[in-house]
Number of protein chains: 2
Amino acid sequence: MTSENKAFKALSDPTRREILGLLRKGERTAGDLAERFDMTKPSMSHHFSVLKDADLITSRREGQTIWYGLNTTVVQDIMAWVMDLVRGEEKKERPASPKGGTK
Amino acid sequence: MTSENKAFKALSDPTRREILGLLRKGERTAGDLAERFDMTKPSMSHHFSVLKDADLITSRREGQTIWYGLNTTVVQDIMAWVMDLVRGEEKKERPASPKGGTK
DNA sequence: ATCGTATTTAGATTATTATCTAATTATACG
DNA sequence: CGTATAATTAGATAATAATCTAAATACGAT
């Protein structure tokens, strides 16, 4: 599966998007993240692993706790894809969209 | 289901993303779109309906053919969400950690 | 009305995914 | 070592989603 596809699939779940949102401001431990959701820890752990596999988060162990952090590199790829969609749309209407006086 | 969630779910399928990519440059008919994929027309029609339900595309009938077009309003919402993720990250490195609360 | 074309809808099947409980690993500490 | 804590892995189940074939709808032309 392509990196892009993994990322989009990972983003398709609201719980996972919320996890990413919490990581915007910095790292958090698995436990800290888990307790904010109405879901068992194993379920949360599954979501972490999906995000990790999509390279949307980083992880490091510190003693018995694991710290997760946002990895923006893939997020930026996604952003580029979405922006392309909008940008392409701007130049779609065949007759002279005003954009740098061509023609 | 929220609009955001519908959109992300719709975007999670590679076929649907490819459809959107084809619509960047302008409208296309259902048949024209369908023949570019190795998939039956009913399956393609299903994807159209998912995209439509997520408000990612518009549709209008012209005689017996249906024209689909990109609807960028929701795409922009998605873009905003993704950009927030990256922007938040930029200001994250302030690990004075009022959050970690290592208890 | 009948036919042909474009497209969708219905219903079934299969694959994927989210979630749970129970068990396991990893680490720290007495 | 034995116990407690943090987190994951395993295995099962139930809900979603993708896809197909067959049938139906919508429209235009004959």
Side-chain angles (χ1 to χ4, degrees), chain A residues 1-23 26-70, chain B residues 1-23 27-69 97 99-103:
Chain A
M1 182 150 52
T2 81
S3 160
E4 176 185 280
N5 201 24
K6 266 189 193 170
F8 271 111
K9 282 223 191 305
L11 289 173
S12 73
D13 183 275
T15 298
R16 288 194 289 265
R17 287 198 304 280
E18 212 176 322
I19 291 169
L20 293 176
L22 286 169
L23 293 177
E27 293 186 320
R28 283 180 191 271
T29 69
D32 177 51
L33 287 169
E35 75 185 5
R36 292 164 194 274
F37 293 81
D38 187 19
M39 194 175 291
T40 65
K41 284 183 177 191
S43 295
M44 289 299 291
S45 192
H46 160 73
H47 287 308
F48 299 151
S49 102
V50 172
L51 288 167
K52 187 84 194 307
D53 187 54
D55 259 331
L56 286 167
I57 59 174
T58 60
S59 76
R60 70 189 165 81
R61 174 179 285 272
E62 191 180 290
Q64 355 179 20
T65 81
I66 293 185
W67 290 83
Y68 286 110
L70 195 61
Chain B
M1 183 150 51
T2 80
S3 160
E4 176 186 279
N5 201 24
K6 266 189 193 170
F8 271 111
K9 283 224 192 302
L11 289 173
S12 74
D13 184 275
T15 299
R16 288 195 289 264
R17 287 197 305 278
E18 212 176 322
I19 291 169
L20 293 176
L22 286 169
L23 293 177
E27 293 186 321
R28 284 178 190 273
T29 70
D32 176 50
L33 286 168
E35 75 186 4
R36 291 164 196 272
F37 293 80
D38 187 19
M39 195 176 290
T40 65
K41 284 182 178 195
S43 294
M44 289 299 292
S45 190
H46 161 72
H47 287 306
F48 299 151
S49 101
V50 172
L51 288 168
K52 187 84 193 308
D53 187 54
D55 259 330
L56 287 165
I57 60 175
T58 60
S59 75
R60 68 189 166 82
R61 175 178 284 273
E62 191 180 292
Q64 356 181 19
T65 81
I66 293 185
W67 291 84
Y68 286 110
S97 71
K99 45 136 201 307
T102 29
K103 51 173 185 174

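Order of the sequence lines sets the chain letters (A, B, ...), proteins ahead of strands, with each chain counted from 1.
By the side chain to side chain contact (heavy atoms under 4.5 Å, CB included) test, B/Pro42 pairs with B/Thr40, sequence neighbours left out. Residues passing the side chain to side chain contact (heavy atoms under 4.5 Å, CB included) test with A/Ser59 are A/Lys52, A/Ile66, A/Tyr68, sequence neighbours excluded. By the side chain to side chain contact (heavy atoms under 4.5 Å, CB included) test, A/Asp53 pairs with A/Lys6, sequence neighbours left out. For B/Arg36, the side-chain hydrogen bond (donor to acceptor under 3.5 Å, both in side chains) test picks out B/Asp32, with sequence neighbours left out. In this structure, the salt bridge (charged side-chain N to carboxylate O under 4.0 Å, His left out) partners of A/Glu4, at least two apart in sequence or on a different chain, are B/Arg17. The side chain to side chain contact (heavy atoms under 4.5 Å, CB included) check on B/Ser45 picks up nothing, with sequence neighbours excluded. Residues satisfying the salt bridge (charged side-chain N to carboxylate O under 4.0 Å, His left out) criterion with B/Glu35, sequence neighbours excluded, are absent altogether.
Smallest separation of non-hydrogen atoms from B/Asn5 and A/Ser12: OD1-O, 3.7 Å. Across all their heavy atoms, A/Lys9 and B/Asp13 have their closest contact at NZ-CA, 4.5 Å. For B/Thr15 against B/Met44, the heavy-atom pair with the smallest separation is CG2-SD, 4.2 Å. The minimum heavy-atom distance linking B/Phe48 with B/Ile57 is given by the pair O-CD1, 3.5 Å. In terms of heavy-atom proximity, A/Ala10 sits nearest to A/Leu56 at CB-CD1, 3.7 Å.
Judged by distance alone, the side chain of B/Arg28 and the main-chain N or O of B/Leu22 form a donor-acceptor pair under 3.5 Å. Using modelled atom types, no side-chain atom of A/Arg16 and backbone atom of A/Glu18 make a donor-acceptor pair closer than 3.5 Å.
Taking CG from A/Leu20 and CG from A/Leu33, the interatomic distance works out to 10.0 Å, rounded to the nearest 0.5 Å.
For the segment residues 35-48 of chain B, residues with any heavy atom less than 4.0 angstrom from an atom of DNA chain D are, sorted by number, B/Met39, B/Thr40, B/Pro42, B/Ser43, B/His46, B/His47. Only B/Asp13, B/Arg16, listed by number, bring a heavy atom of residues 13-22 of chain B to less than 4.0 angstrom from any atom of DNA chain D.
Here D/dT5 presents its P atom at 17 Å from CZ of A/Arg61, a figure rounded to the nearest Å. Distance CZ (A/Phe8) to P (D/dA17): 17 Å, rounded to an integer number of Å.
Axis orientation changes by 10° from one end of the helix from C/dA1-D/dT30 to C/dG30-D/dC1 to the other, with each end axis drawn from 5 pairs and the value rounded to 10°.
Between A/Lys9 and B/Thr29, the residue anchored nearer the 5' end of DNA chain C, judged by the nucleotide with its closest heavy atom, is B/Thr29.
Residue contacts for A/Ser49: at a heavy-atom cut-off of 4.0 Å it reaches no nucleic acid atom on any strand shown.
A 4.0 Å heavy-atom criterion places the boundary nucleotides of DNA chain C facing chain A at C/dT17 to C/dA28, written 5' to 3'.
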Every protein N/O within reach of nucleotides 28-30 of chain D N/O, cut-off under 3.5 Å:
none

